[in-house]
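To find a chain, count down the sequence lines: A is the first, B the second, and so on, and within it residues start at 1. All values below were derived from every heavy atom in this structure, side-chain atoms included, with hydrogens, water molecules and symmetry-related copies excluded.
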Amino acid sequence: MFKPLDPLLHSQLRLAIVSLLSHVESAEFVFLKEKTKTSAGNLSLQLSKLQEAGYVNIDKGFKGKYPLTTCKLTEKGRAAFLSYIEALKDYIG
Amino acid sequence: METSYNPTDAIQTIEQSIKEISALPTGAAYYFKLWGLILSSFYAIQFIAQQTDSATWNLIQNFSWLLFVIGGIASGVQNKRDQQTEQFEHFLDRVYFYAFISFAISVAVIQLYASLKNNQLNYTLFPLLLGMTIICTGGIAKYYLSVALGVICCALSVVNLFVAVEFVALIAAIAAFIGSFLTGYFMKNRNV
């Protein structure tokens with residue numbers, strides 16, 4: 001019996017975001033946009049979904065005169081990502 | 001759930017993300033090189049001043065602590081620059097920060113002890129502390145060249161137990177150059 005895959009993470013963009021965030025302390029919105037090669041609108045939408053689920057913390061501030069959005073994986077998000085990987089192992093065998 | 005997105009695709013996504021992150025340098029190379037130069041210069045000055053009776057070198061030795069002030073200012077300026085340009089905070093940044101803060105505190109305490117007791121213990125223990133720090137950070141970062149250079153530093157600490165007392169500062173200078181400057185140099189070259 002396969003463990004169910006977290007539907008929130010089983011999406012290419014959201015999984016890429018969480019995978020990237022799992023390997024850094026925090027990352028700026030532009031960094032995620034560049035690495036995931038997606039549009040700002042789509043990234044913003046997926047980040048909002050992850051934030052609503054409590055997987056990601058989003059801080060809005062300023063770097064000098066420019067607005068800055070910083071994203072960080074929460075403990076809940078990290079635990080969900082690890083569970084997702086565990087579940088994936090079952091599928092791969 | 002995206003029906004066309006299967007577990008194999010998910011693994012590829014995760015692998016790709018890990019590759020992207022692993023290819024990014026931490027920015028620690030600059031600090032390793034800077035402090036390697038500062039520390040090796042500091043100990044080289046102590047060595048030269050001990051070898052000569054020159055008033056000039058004694059004066060330079062008395063003011064050699066200024067090197068640490070220069071290092072502190074240069075680190076602060078670089079940190080400010082990094083904050084302006086970096087788009088992410090690498091998890092290793094925190095490892096390096098705490099490892100080298102504890103290293104600096106340990107060296108300062110030993111330096112103070114050696115000054116108060118008027119002995120050369122600081123020169124013997126410095127390569128050991130530097131070696132331990134570099135082995136730990138290299139191990140965590142999985143950068144094994146750094147671990148090897150750390151082992152050389154620890155070995156130099158043992159060498160310092162047996163060499164004539166006039167050479168202990170020189171050995172400490174060599175340890176700083178190998179353990180810190182060379183580590184930074186190789187990190188920069190290999191984009192670590």
Tell me, yes or no, whether the heavy-atom count around B:Asn189 atom CG, taken from other residues, nucleotides or ligands under 6.0 Å, exceeds 12.
yes
So, the part of B:Gln12 with a heavy atom under 4.5 Å from chain A: the answer is neither
Here the gap from A:Ser19 atom OG to B:Glu20 atom CD, rounded to the nearest 0.5 Å, amounts to 11.0 Å
Shared ILVMFWY cluster between B:Leu145 and B:Val151, side chains joined below 4.5 angstrom?
no
Under 4.5 Å heavy-atom distance to chain A, tell me which part of B:Gln16 shows up: side chain, backbone, both or neither.
neither
Are B:Val147 and B:Tyr143 connected, step by step, through hydrophobic side chains (Ile, Leu, Val, Met, Phe, Trp, Tyr) whose heavy atoms are closer than 4.5 Å?
no
If you round to the nearest 0.5 Å, how far is OG of B:Ser17 from CD1 of A:Ile17?
9.5 Å
Give me the atom names and distance for the closest heavy-atom approach of A:Leu5 to B:Pro7.
CD1-CG, 4.3 Å
Residue by residue, scan residues 47-82 of chain A and write down, ordered by number, those that have a heavy-atom distance under 4.5 Å to chain B; if none do, write 'none'.
A:Lys63, A:Phe81
Does A:Tyr91 form a side-chain contact (heavy atoms from CB on, under 4.5 Å) with B:Thr8? I'd like the steps, not just the answer.
CA-CA 9 Å; A:Tyr91 284 87; B:Thr8 313; over 6 Å; no
Under the ring pair (Phe, Tyr, Trp, His ring centres under 6.0 Å) rule, what pairs show up with a residue in residues 150-179 of chain B, not counting sequence neighbours?
B:Phe177-B:Phe181
Applying a criterion of heavy atom separation less than 4.5 Å, what residues of residues 116-137 of chain B form contacts with chain A?
none
Indicate the atoms forming the closest heavy-atom contact of B:Tyr5 with A:His10, along with that distance.
O-NE2, 2.6 Å
Is the OH atom of B:Tyr185 crowded by more than 12 outside heavy atoms at less than 6.0 Å?
no
Mind checking whether B:Val69 and B:Phe63 sit in one hydrophobic cluster, side chains of I, L, V, M, F, W, Y counted as touching below 4.5 Å?
yes
Run the side-chain contact (heavy atoms from CB on, under 4.5 Å) test on B:Ile14 and A:Leu88 for me, step by step, so that the C-alpha distance in whole Å, both residues' side-chain angles and the decisive distance to 0.1 Å come before the verdict.
CA-CA 11 Å; B:Ile14 295 168; A:Leu88 267 185; 3.9 Å; yes
In terms of hydrophobic clusters joined by side-chain contacts under 4.5 Å, are B:Phe103 and B:Val109 together?
no
Tell me whether B:Ile140 is reachable from B:Phe186 by hopping between hydrophobic residues (I, L, V, M, F, W, Y) whose side-chain heavy atoms are closer than 4.5 Å.
yes
Quick check on the structure: residues of residues 21-38 of chain A within a heavy-atom distance below 4.5 Å of chain B, by number.
A:His23, A:Val24, A:Glu25, A:Ser26, A:Ala27, A:Glu28, A:Val30, A:Phe31, A:Glu34, A:Lys35, A:Lys37
For chain A, which of B:Ile21, B:Leu24, B:Asp93 has the most heavy-atom pairs under 4.5 Å?
B:Ile21
